[in-house]
Amino acid sequence: MSNSNLTNADIARVFAECADLLEIDGADSFRVSSYRRVARCINDLPTDVREIAVRGELAKLEGVGKSSAQKIQTLLDTGALPLRLELAQKVPETLLELLHIPGMGPKKVAQLWREVGVLSLESLAAAIDAGRLEGLKGFGARSVEKILEGIAFLKRIGGRTRLGEAAPVAERFRAAVAELPGVARAEIAGSLRRGCETIGDLDLLCVADDGAAVIGHFTKLPGVTRVLVAGDTKGSVLVERAAEREIQIDLRVVPAESFGAAWQYFTGSKEHNVRLRELAVRRGWTLNEYALSDASTGKVLASRSEEDIYAALGLPCLPPELREDRGEFELKEAPRDLVALEDVRGDLHLHTDASDGKHTLEQMVAAAQERGYEYIAVTDHSQASVVANGLDRERLLRHIDAIHKLNERTRGLTVWAGAEVDIMADGSLDYEDDLLAQLDWVVASNHYHLGRDGDKNTERALAALRNPHVNVLAHPTGRMINRRDAAPLDIGALCAEAARTGAALEINASGSRLDLKDTHARLAAQAGALLCINCDAHATDQLDKMRYGVITARRGWVRRQDVLNTRSAKQVAAFVRAKRTQGR
DNA sequence: GCCGTTTTCGGCCCGACTGTTTTCAGTCG
């Protein structure tokens, strides 16, 4: 029986901490990796790990063996893991924060702890201050300087950078590198190319003959605040990404004939690449950032393009968003119909200054026209959202009228009168059905009552989906990246009910949400629920966030036909009509 | 700790860069 209320993220955290503590303790590195692998597996699960535990199928998870399955079960039953507690007795857990210092790994942390008595960032800074690292083996003057820089850096970066903030910085530097003398081509790689929701470092890759010269120029580009590494093929710098905030950019320089191997290699993910190299090794080949080659003769089998590398290994050229070792190696051919930005024909969740938007109805409509959209739904807040200046009945009726009138004189764009309606504590909606019936499109949102009670959260969301006027459930889990965890919610039940009732589930494209996230979106599409990718724009420029929603969908293997707003205005209208008339 | 169409034991991906312990270990991706 499950007696704890630990979430997947909580359980993943315990395993990740065990891995770090074991590593500081000097445990076998493969054992450490196993714990990391389990952490990642649990974190990536789209459903509650409890459901798998109940079916007795924990050990069937990729990378989870008998021993880990037992540990997960213990965590679910008791809320704690004996190994984790033992490790905390043995190794001070405050040491974990030291691992975040760039250049600081488990060996050095262990050494600082055992030989100098360092326990935390603070005590490390104090030890350096008191000169207690002087004469310590492996810690010369330069190392100590780097540690101090690292501690200062930690205070400035404040965690991983959100996709929407990282992408513009990366694009600016990619363009700058492409312009450097001797550079034939420059591309973005790494987690940004895969569209991950948060980014650690930015990875750039370029083709040039004289690597040292390119790195030299790179480290002097405007915006660079510090140079971390400057070699013949690799350079690392810090740049300012926002006020007081920095991000690291790594640039690798490769020869043209290695470009494909390098782009594949530096795009990752690490897990995907490990699997790929295993496939190579099994055939007597070896794969690195320069080429796929025969291990015995050294003959190069593929290197110029990613297509060549994958083809040589008997695989379709997998889109970067799929390279996570989440089943992509089973694919016989590359998915052709993954949703793309060009497929999106409209945005069905946006605000105007009638509630808390920055721009007028006319301005938002013009912005949608500029982006070539076929339709939009204007969805200002309902009355319960007082802080967002939500519309009461009278104001909503006038707003609907204004939208319909504007629609009549707008060419090439259909403008629907919608609303973002709050789901109340009891699962009812913030507007009466007769008022909802006057709207062309209804977004239902859980803004205020998402709590720790997963059953209650789920019930309220299900109730909203069952209302014949509700067309999409917005940002279902309420998570805010780097700020607030997803509320516990039975996503599987939501998907099934959305599919049954003919409602859609939103992928909210705004940078702080990306909710549903990739694995949830995948679950929804598998369950036959339609997704709707919306920007939730509160200003005209926010309509450009659509690309982040689309890439999140792609990471969830979502196809064009799984996304409602890739359909025509007529088809969207039919989708709304079907739910109202069938009353499911 | 995980895993298995060579294996239930003995493997487990690969190379660059840095500082420093002058020949390599630690870290990173």
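Letters A, B, ... mirror the listed sequences (proteins, then strands); counts begin at 1.
- Annotation: cation-pi geometry satisfied between Arg185(A) and Trp263(A) (NZ/CZ under 6.0 angstrom from ring centroid, within 45° of ring axis).
- The one candidate from Val227(A), Leu228(A), Ile249(A) that meets the side chain to side chain contact (heavy atoms under 4.5 Å, CB included) condition with Ser236(A) is Leu228(A).
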Would Phe266(A) and Leu204(A) count as a side chain to side chain contact (heavy atoms under 4.5 Å, CB included) here? Give the steps. CA-CA 8 Å; Phe266(A) 292 119; Leu204(A) 299 178; over 6 Å; no
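- Annotation: cation-pi geometry not satisfied between Arg326(A) and Trp557(A) (NZ/CZ under 6.0 angstrom from ring centroid, within 45° of ring axis).
- Closest to the side chain of Val281(A), out of dG1(B), dC13(B), dC17(B), is dC13(B).
- Rounded to the nearest Å, the gap between the P atom of dT7(B) and that of dG11(B) is 14 Å.
- dT23(B) and dC17(B): their C1' atoms are spaced 16 Å apart (whole Å).
- When the shell of 6.0 Å around CZ of Arg336(A) is examined, it contains 12 or fewer heavy atoms from other residues, nucleotides or ligands.
- Leu279(A) places its CG atom 15 Å from the P atom of dC12(B), with the value rounded to the nearest Å.
- Contacts with DNA chain B (heavy atom under 4.0 Å) in residues 302-317 of chain A: none are found.
- Between Arg114(A) and Asp25(A) there is a salt bridge, since at least one side-chain N of the basic residue sits less than 4.0 Å from a carboxylate O of the acidic one.
- A gap of 16 Å separates the P atoms of dC12(B) and dT6(B), to the nearest Å.
- Comparing dT8(B) with dG15(B), their C1' atoms are spaced 33 Å from each other, to the whole Å.
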Evaluate side-chain hydrogen bond (donor to acceptor under 3.5 Å, both in side chains) for Asp518(A) paired with Thr552(A), printing each intermediate quantity in order. CA-CA 5 Å; Asp518(A) 51 8; Thr552(A) 299; over 6 Å; no
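- The phosphate of dC13(B) has neither OP1 nor OP2 within less than 4.0 Å of any side-chain N or O from Asn273(A).
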Should Gln264(A) and Tyr310(A) be marked as a side-chain hydrogen bond (donor to acceptor under 3.5 Å, both in side chains) after you check the CA-CA gap, both sets of side-chain angles, and the distance that decides it? CA-CA 9 Å; Gln264(A) 193 292 313; Tyr310(A) 282 100; 3.1 Å; yes
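- Within residues 110-135 of chain A, no residue is approached by DNA chain B to less than 4.0 Å at the level of any non-hydrogen atom.
- For the 3.5 Å distance criterion, the side chains of Asp308(A) and Ser305(A) qualify, holding a donor opposite an acceptor.
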Does the pair His272(A) and Glu328(A) meet the rule for a side-chain hydrogen bond (donor to acceptor under 3.5 Å, both in side chains), with working shown? CA-CA 9 Å; His272(A) 176 90; Glu328(A) 67 272 21; 2.7 Å; yes
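- Evaluation of the side chain to side chain contact (heavy atoms under 4.5 Å, CB included) rule for Leu341(A) yields Met546(A), Arg547(A), Val550(A) as partners, not counting sequence neighbours.
- For dG19(B), the OP1/OP2 oxygens have a side-chain nitrogen or oxygen of Arg142(A) closer than 4.0 Å.
- Less than 4.0 Å separates DNA chain B from at least one heavy atom of each of the following residues of residues 24-36 of chain A: Asp28(A), Phe30(A), Arg31(A), Ser34(A), Tyr35(A).
- Taking only side-chain nitrogens and oxygens, Ser143(A) never comes nearer than 4.0 Å to OP1 or OP2 of dT18(B).
- Contact check, Ser67(A) against dG1(B): a side-chain N or O comes under 4.0 Å of OP1 or OP2.
- For dC13(B) and dG29(B), the C1' atoms lie 12 Å apart once the distance is rounded to whole Å.
- Residue pairs meeting the side chain to side chain donor-acceptor pair (under 3.5 Å) criterion with at least one partner in residues 57-68 of chain A, sequence neighbours excluded, are Arg55(A)-Glu57(A), Ser67(A)-Lys71(A).
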Step by step, would you call Phe139(A) with Lys108(A) a side chain to side chain contact (heavy atoms under 4.5 Å, CB included)? CA-CA 9 Å; Phe139(A) 289 83; Lys108(A) 287 187 176 177; 3.9 Å; yes
At under 4.0 Å between heavy atoms, which parts of nucleotides 21-29 of chain B does protein reach? Answer with one letter per nucleotide, 5' to 3': B base, S sugar-phosphate only, - none. B----SSSB
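- Straight-line distance between the C1' atoms of dT27(B) and dT20(B): roughly 15 Å, to the nearest whole Å.
- Of the nucleotides present, none pairs with dT8(B) by Watson-Crick or G-U wobble criteria with both distances under 3.5 Å.
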